[in-house]
Amino acid sequence: MNSEQHWWQNAVVYQVYVRSFADANGDGVGDLAGIRNRVDYLAALGVDAIWLNPCYPSPQRDHGYDVANYLAIHDEYGDMDEFDALLAEAGDHGIKILMDLVPNHCSNDYQWFVDALAAPAGSAERARFYFRDGRPSDDGADPHGNPPNNWMAAFGGSAWTRVAADDPQWYLGTFTPHQPDFDHTNLDVQQMFAEVLEFWFDRGVEGFRVDAISPVGKDANLPDAPPVADGTDMLQVTWENPFTVFRPEGHDVWRRFRQTINDYMERHPGRDLMMVAEAYMNGRPDLMAAFVNDGQFHQAFAFDLLLSPWVKSEIERAIGDSLDIMRIGSTPTWTLNNHDVQRVVTRLGRASATDPNTVTNNALVVRDSNVDVDVGERRSRALISLAMALPGSLYLYMGEELGLPEVLDVPADRREDPVFHQTNGERIGRDGCRIPLPWTDDPTSAFGFSTVPSDASAPEPWLPQPEWWGQSAVTELDGVEGSTLELYRELIAARRDHATPQGLVAAVIQLGDGLVAVRRGDLAVVTNVTDTAIALDMSDPHLSIATPVFASEGAEMHTPGVIPPDATIWFVS
Ligand code: NOJ
């Protein structure tokens with residue numbers, strides 16, 4: 001693939017975690033009006049699209065990934081008129097909107113599930129989900145006292161919940177008991193999701209990030225999972241289950257979704273709709289190819305780079321594997337952050353980040369608070385400067401342009417993530433990357449997150465902000481030479497001017513120890529992943545007639561033969 005065919009192939013997409021972006025009505029919770037008020041900020045950053053985390057009605061037990069109504073807006077966030085206003089405002093700035101679709105499960109408050117609980121075993125209502133009879137209890141006293149199989153939930157405990165002590169049946173929830181899994185072989189479910197896609201396309205949404213694709217589609221017999229290897233983390237067990245992860249049955253679901261999208265585009269010429277899959281397929285380019293193709297997903301996140309330690313060979317492998325997707329006519333979808341992982345500044349600021357055997361993820365597991373934030377920020381700046389040069393699209397997570405670190409010390413009684421609660425606090429969960437954004441250094445307005453009506457007192461944001469939060473506020477970085485915010489703005493412009501025009505072909509090249517380098521047309525991008533400066537061999541054919549056009553540590557642009565520690569330079573020949 002050499003030429004750009006679709007807007008999303010090169011897009012910079014900005015992920016908005018709605019609850020934490022901007023609060024326009026002063027209740028401590030982010031909302032759609034807050035986003036609308038900040039569209040000019042996003043436009044000035046230079047993004048092409050916004051991905052909204054789920055903003056449908058939800059009891060918020062997994063902050064929107066427990067949908068109670070797929071066709072409306074959560075009341076804390078606004079209403080459909082506000083949604084339309086946001087779409088219009090974004091459209092006026094040339095910014096598209098992507099929604100988040102959650103097909104694996106709904107909320108246990110979703111009417112279909114409420115109906116299913118009220119209906120008997122074998123009913124049409126229960127057939128939309130996975131209800132199965134339990135197995136006899138260990139002492140034999142209860143014929144249905146044990147779950148139907150041994151599957152474990154992704155956020156802790158059994159994946160099964162018994163309907164009631166006098167009901168023989170249990171239901172399956174891959175994540176939590178509040179998120180019952182749909183059975184996508186059921187026709188009602190199939191039709192419902194087709195309607196949901198069309199409903200939002202009709203409003204003007206340009207595509208969907210599709211949540212948790214790996215457990216969609218299961219072995220119809222739901223057999224016991226084989227034992228996992230000793231030492232497997234308790235929250236990893238679900239993802240080792242061959243009867244529910246990346247099943248062939250899942251492909252049928254995505255083919256139907258794609259057909260709905262294709263049919264819609266056929267009826268609406270000019271629309272260029274897409275869906276991007278969320279699944280951790282790291283180290284499995286073969287899997288990526290099985291899901292990203294003309295019949296299924298347009299894109300899938302290349303999480304390899306996000307998970308990579310700060311090690312040359314690992315970063316090279318992550319880039320090489322992800323570029324591999326171009327072999328089958330697609331483009332990679334890069335990202336360094338999202339609402340499920342610890343922020344990159346923190347991940348790369350740990351001493352363990354240079355250990356080749358470390359997976360720098362994972363919010364669910366890592367508690368280590370021994371972080372050198374300065375080192376982490378420098379490495380993240382170098383890494384985003386590398387990622388911005390690569391072909392494919394790039395998804396940014398709100399606040400990464402401010403260089404925000406993870407907030408690791410959210411008090412236990414303020415933690416909201418079900419991961420924390422389902423594991424009885426054994427895992428700290430993901431609240432630390434979801435802290436409401438700092439827009440100003442004024443703590444009386446939750447650092448500018450909340451618009452406080454003049455007759456009201458400052459609201460308590462839904463997650464507490466640390467007292468030092470204002471240091472990274474937009475107002476503190478805006479216009480400041482060398483700030484991370486200015487770096488992102490420059491990078492997005494440099495990407496447009498120097499990277500995208502180079503086309504879609506790129507490859508990892510070798511320029512020496514400690515250097516990760518990529519060649520894309522006339523552009524050579526070099527990252528020093530060590531803590532000492534490295535002098536480049538400027539006679540290397542990749543560099544001999546090259547001029548530096550961008551550097552993650554600006555002042556070093558003037559000494560182009562040397563790459564400072566943890567820095568990236570772009571050269572154009
Ligand atoms: C992945 C989402 O990104 C995460 O936030 C959510 O908890 C799970 N899927 C379940 O929907």
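In this chain, residues are counted from 1 in sequence order. Numbering of ligands and ligand atoms starts at 1, following listing order.
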Per side chain to side chain contact (heavy atoms under 4.5 Å, CB included), E206 is matched among M274, K96, M99 by K96
Can you produce the list of protein nitrogen or oxygen atoms under 3.5 Å from a nitrogen or oxygen of ligand 1, alongside each distance?
residue: ligand 1; atom: 3 (O); partner: R209; partner atom: NH2; Å: 2.8
residue: ligand 1; atom: 3 (O); partner: H339; partner atom: NE2; Å: 2.8
residue: ligand 1; atom: 3 (O); partner: D340; partner atom: OD2; Å: 2.4
residue: ligand 1; atom: 5 (O); partner: H339; partner atom: NE2; Å: 2.9
residue: ligand 1; atom: 5 (O); partner: D340; partner atom: OD1; Å: 2.7
residue: ligand 1; atom: 5 (O); partner: R430; partner atom: NH1; Å: 3.2
residue: ligand 1; atom: 7 (O); partner: D62; partner atom: OD1; Å: 3.4
residue: ligand 1; atom: 7 (O); partner: D62; partner atom: OD2; Å: 2.6
residue: ligand 1; atom: 7 (O); partner: R430; partner atom: NH1; Å: 3.0
residue: ligand 1; atom: 9 (N); partner: D211; partner atom: OD1; Å: 2.8
residue: ligand 1; atom: 9 (N); partner: D211; partner atom: OD2; Å: 3.3
residue: ligand 1; atom: 11 (O); partner: H105; partner atom: NE2; Å: 3.0
residue: ligand 1; atom: 11 (O); partner: D211; partner atom: OD2; Å: 2.7

By side chain to side chain donor-acceptor pair (under 3.5 Å), D431 pairs with (sequence neighbours left out) none
Between F193 and Y70, ring centroids under 6.0 Å:
yes
Give me each pair satisfying ring-ring contact (aromatic ring centres under 6.0 Å, His included) with a member in residues 397-430, each pair once, sequence neighbours excluded.
none
Geometric cation-pi criterion, R132 with W170: 6.0 Å, 45°
no
Using the ring-ring contact (aromatic ring centres under 6.0 Å, His included) criterion, which residues pair with F201? Sequence neighbours excluded.
F208, Y264
